[in-house]
Amino acid sequence: MTTTEKVLAGIQNSLPGQLIGKANHMVIAVLQLVHVFGILLLLTSLILMSLRLLGLALTEHSLPSLAREPGRLLWLGLGLAVGSGVLIFISGPAHYYYNKAFDVKMILLLSAVIVHVLGFRRLAQRQAVRPIPARIVVTISLILWFSVGIAGRAIGFV
Amino acid sequence: MLSIHELAQALQDSKFGDTIAESRYLYPIFEGTHLLSLSLSVGLIFLTDLRLIGVFWRHVPVTAVLHQLRPFILSGFAVLFISGGLVFCSEAATIMASPLWTLKMVLVALGGLNALYFEFVIAKRPEVVENHPVLPRSVKYAGFASLTIWTLVIMCGRLLAYVPRAGS
């Protein structure tokens, strides 16, 4: 057994791993539901802020006043998605660890969070944004977050 | 006369339905599009509902939220329905056999009726049109109804994924 396999088996055999793994399918189904609603909350909040940043909606209201609440909802959505995601992972670590789409998803997720913290979030706090940089950051952000979702769907198919 | 079940079976077994079901890429693409387009359609509806209930964007007039988000919500629903229809074609008979599917369709119809009633009756009331600080209670109720109905629709949809797929 390699170290990786030992770690994965360790996670699966740990108390939380045992509890989730042995629980009936309803527990996994509930975790999957929380995962979907977390992703939905995150993506919707992102879309709403993007529409304002691109000047496509509600331009008569200031950007920071509009971005504050969806900004928080985005983090709430991310928290729900990551929290439920970790528990789903614990239920079958080897299944996900050796899945190519899962690797891609994690890399995309990390990139999306970095771009959000360093770019998107800062942009949304400004009173005024220049259209070109706003368009670039919003486009990159939307592509990254939606790619996380696509890679997530792909886990079940590869 | 063909029964609904026979029609669904014929659709599932048709060249079109079978191509989607058997394709390595088509089924995942349509299913993924169906899931992710929720963020533009139902997701923005959820945020609108929160505004109607009065817990989100209180400083933004309800009419501004309704009118300015409408084109995006409607395009989101167009993508949602088309991708959902394509997924359905590939597994019509299998999926219709599940009571969850019937429940989902009933709920979608209810969600649609609730939206129409809100749009053509509640939203036409002078307090809403003129953005009064205190809105009629029916506005809040419509928001709660919509939030509940669409949450249940998504739950049914996600749980339908556990119905075994045709051919797998």
Side-chain angles (χ1 to χ4, degrees), chain A residues 24-26 28-52 54-62 64-74 76-77 81 84 101 105 142-143 145-158, chain B residues 23-51 55-61 63-73 75-76 80 83 87 100 147 150-163 165 168:
Chain A
N24 58 37
H25 292 297
M26 273 317 284
I28 300 288
V30 169
L31 288 173
Q32 294 276 11
L33 281 175
V34 175
H35 203 59
V36 165
F37 279 104
I39 293 164
L40 181 56
L41 190 57
L42 187 162
L43 291 180
T44 296
S45 309
L46 181 81
I47 287 175
L48 194 62
M49 288 188 277
S50 300
L51 289 176
R52 175 59 186 82
L54 297 173
L56 293 172
L58 299 153
T59 42
E60 68 277 20
H61 295 271
S62 89
S65 78
L66 287 181
R68 196 175 307 123
E69 288 165 78
R72 280 191 215 132
L73 288 178
L74 186 145
L76 176 64
S84 55
K105 183 183 182 181
L142 285 172
I143 291 175
W145 283 116
F146 273 88
S147 302
V148 175
I150 294 166
R153 273 323 295 148
I155 290 175
F157 291 102
V158 294
Chain B
S23 164
R24 188 170 167 198
Y25 297 107
L26 289 180
Y27 186 89
I29 287 172
F30 295 155
E31 201 203 32
T33 306
H34 189 59
L35 179 76
L36 293 174
S37 61
L38 278 175
S39 57
L40 198 56
S41 50
V42 177
L44 289 179
I45 293 255
F46 277 158
L47 295 181
T48 308
D49 294 336
L50 294 177
R51 174 62 191 92
V55 294
F56 181 76
W57 273 7
R58 294 185 70 127
H59 61 291
V60 184
T63 49
V65 177
L66 291 174
H67 297 155
Q68 300 198 31
L69 294 185
R70 187 179 294 143
F72 304 103
I73 293 176
S75 9
L80 188 73
S83 54
V87 170
L100 274 175
L147 208 54
W150 292 113
T151 300
L152 292 171
V153 169
I154 294 175
M155 289 174 74
C156 288
R158 184 63 190 84
L159 295 175
L160 270 173
Y162 293 104
V163 174
R165 265 181 72 198
S168 66

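Only a predicted model underlies this, so the values are computations on that prediction, with no experimental measurement involved. Below, read A as the first sequence line, B as the second, and so on, with proteins coming before strands; counting in each chain starts at 1.
Across B:I29, B:V42, B:L38, B:L47, the residue that shares the most heavy-atom pairs under 4.5 angstrom with chain A is B:L47. With chain B as partner, the option from A:L48, A:L43, A:I39 having the largest number of non-hydrogen pairs under 4.5 angstrom is A:L48. The residue among B:L44, B:L69, B:T33, B:L159 with the most heavy atom pairs within less than 4.5 Å of chain A is B:L44.
Both the backbone and the side chain of A:I150 come within contact range of chain B, each with at least one heavy atom under 4.5 Å from a heavy atom of that chain. For A:L66, the parts lying under 4.5 angstrom from a heavy atom of chain B are both the backbone and the side chain. Both the backbone and the side chain of B:L36 come within less than 4.5 Å of a heavy atom in chain A.
Side chain of A:T44 to main chain of B:S39: a donor-acceptor pair is present (N/O by atom type, distance under 3.5 Å, no hydrogens or angles). With hydrogens and angles ignored, the 3.5 Å screen pairs a side-chain donor or acceptor of A:S50 with a backbone N or O of A:L46. With B:Q68 contributing its side chain and A:L58 its backbone, the two residues share a donor-acceptor pair below 3.5 Å.
Taking a 6.0 Å sphere around CZ of B:R70, one finds it holds more than 12 heavy atoms contributed by other residues, nucleotides or ligands.
Counting only heavy atoms from C-beta outward, the side chains of B:L50 and A:E69 never approach each other to under 4.5 Å.
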